[in-house]
Chemist: 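The following block contains the structure, expressed as structure tokens.
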Amino acid sequence: MSTETLEFQAEARQLLELMVHSIYSDKDIFLRELVSNASDALDKRRLAGLKDDALRADDLHIEIEADSEARTLTVRDNGIGMSRDEVVGLIGTIARSGTAETLRRLKESKESAELIGQFGVGFYSVFMVADKATLLTRKAGEETGVRWESTGDGTYTIEAAEEAPEGTSVCLHLRPADEKDALYDYTDEAKIRQIIKRYSDFISFPVRLGDDTLNSMKALWARPRAEVSDEEYQEFYRHISHDWTDPLDIIQMRAEGTFEYEALLFLPSRAPRDLYQREARHGLQLYVKRVFILDDSRELLPDHLRFVKGVVDAADLSLNISREILQQDRHIQLIRRRLAKKVLASVKELMSKDTDKYRSFWREFGPVVKEGLLDGTEDHKAILDIASFASTAGEEPTTLADYVARMPESQDKIYFMTGEGRAQAVNSPHMEAFRAKGYEVLLLTDQVDEIWAEAVGSYEGTAFQSIARGAVDLPSEDEPSAEQADAYAAVLTWLNDTLDDVKDVRLTTRLTSSPACLVSDTDGLTPALEKMYKAMGQELPPVKRILELNPQHPLVSGLRTAHDERPGDAGLAETAELLYGTALLAEGGDLADPARFASLLADRLSRTL
Ligand code: ADP
């Protein structure tokens, strides 16, 4: 293989450019990134050695070498190494999801300072401090190595390197120190020690400088909380999560007895962009007695807590455990249940301890946590306890417990309305009778809300009831009377025959000021659900709903009288159509034929002038 010059992928080029112009004020972090990568490579090597004797290596470690004359700094590991294709794929491209998107927004917006903090930059951060980087690597078990070199200007060269030892070394040619610009002399031993201590102390392999080991290698999750500083936890969180914002909360657990494990979990402050993608990574790593075993361990927490990051270290598992075995392991299932409970309990604690944090947690992750209400977990109660919802009672979200506490004596159900947004839900005609009665209604606007209330049924004995579904059985003095029912029978039958799009037409007491509204059958789909299924590509027969009429409204009583007097009048069918269209518009729905509606309405209006 001769030397080839290749171009960085477009996003990688943009990121490089940002790095060269140093977007971070703290340039020291390049060393943390290199050490973090080396540590991951050593984890992989150790694991490969467990599975294949030929790949077993002794004395896994990271070595730092500084040459102040030549102004170079080298970070070397004897980890897994990279093949040529891996170098091109991993170093020449940005594989991490969301980075390209973040870069695009960075370019477009001025909110950069905020955004930049959100994503890790990994290897490219070396170009903040170096004007040339040389990476020499050989994949464990392979014959030849690869030399990669770049000055950070859009291209890199790559060639075969016979003499490369197994593992990876990154040699940086440092830019001249410029302390005013926070660009320090990174060949200075004291500076190197300080950076490693600060950012990488917990790395579980020795980081050496000459004969000295710079880090304590103490597993953070095994240390008592009081001994570990917030900063150490934050650095560890960064190392495992690649998230540059600080975690919202830290959860530590230890179980003793027949099956021992320790866990250190983090609630992130922000939802990652890929939270709703199927293939998105889960956040937990599994260790066995301090040895890294698996990333992305879906087995350790249910899907609705997939955003939690952290480490679980189990004492009694085999180092050779595979994902398949893990899925069936009884102890793992037990850990999963305990971790889930603990996470939900910690959120509950946040609710009372730090309302702002809780609110921000629920805003970011509430919709995901609520997915847990759909499966058969035992956590329904715990999830409902930490849930909060928008409500007609005020601007702030409310918990179910508070809602129930506010219920007047005559109310026996938790009423809710689903919809796309607060305004739409609040102004919907369905709300009228509840407003008149002073009953609070929860406004559920997340997609998942369409489904769970049905699945869950009740909260501590109080049933959930959609106000846009089925008949309202509001305890009421003003039920439509028998006389009214008789008087309206003919016009209701006629309307039912005339309007193809509705399933039934009936009188209601749920309206006070609107003439009509549409409700779903008890077992029918709501419009939002219908939309959701369609978006998922499911074929559905058209869903018909029930048109409910307010007999107190002059339009409705007038239509009845007109129908009684002139049953053959063709104009009445148009009035019926307008009535139906108005009900649809009032709830924020879409008319099948808006042009026809507009022309019918214009026609009517002109006749009133
Ligand atoms: P990140 O570490 O956040 O994934 P980087 O840009 O730092 O992003 O690295 C990209 C990838 O390159 C890593 O995920 C890893 O697969 C590979 N890599 C980087 N450094 C090393 C190393 N020292 N040994 C082996 N692989 C490495």
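We count residues from 1, following the sequence as given. Whatever order the structure lists them in is the order used to number ligands and atoms, beginning at 1.
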Chemist: Check the angle between the aromatic planes of Phe30 and Tyr186 and answer parallel, tilted or perpendicular using the 30° and 60° thresholds.
Modeler: perpendicular

Chemist: Tell me whether ligand 1 is touched by Met82 - counting only heavy atoms on the residue side and a distance under 4.0 Å.
Modeler: yes

Chemist: Does the side chain of Asp243 pick up a donor-acceptor pair with the side chain of Tyr237 at under 3.5 Å?
Modeler: yes

Chemist: Sequence neighbours excluded and cut-off under 3.5 Å, please list the side-chain donor-acceptor pairs for residues 341-350, or say none.
Modeler:
from   : atom 1 : to     : atom 2 : distance (Å)
Lys341 : NZ     : Glu378 : OE2    : 3.0
Ser346 : OG     : Lys342 : O      : 2.8

Chemist: Looking at Phe123, which atoms of ligand 1 are within less than 4.0 Å of one of its heavy atoms?
Modeler: 5 (P), 6 (O), 7 (O)

Chemist: Indicate the ring-plane relationship of Tyr233 and Phe266, choosing parallel, tilted or perpendicular according to the 30° and 60° boundaries.
Modeler: perpendicular

Chemist: Enumerate, atom names and distances included, each donor-acceptor pair closer than 3.5 Å involving a side-chain atom of residues 47-55, sequence neighbours excluded.
Modeler:
from  : atom 1 : to    : atom 2 : distance (Å)
Asp52 : OD1    : Ala54 : N      : 3.0
Asp53 : OD1    : Arg56 : NE     : 3.1
Asp53 : OD1    : Arg56 : NH2    : 3.1

Chemist: For Asp77, counting its heavy atoms only, list the atoms of ligand 1 lying under 4.0 Å from any of them.
Modeler: 22 (C), 23 (N)

Chemist: Which atoms of ligand 1 have any heavy atom of Leu90 under 4.0 Å away?
Modeler: 10 (C), 11 (C), 12 (O), 16 (O), 17 (C)

Chemist: Within the structure, does Thr168 bring an N/O atom to less than 3.5 angstrom of an N/O atom in ligand 1?
Modeler: yes

Chemist: Got an N/O contact under 3.5 Å between His242 and ligand 1?
Modeler: yes

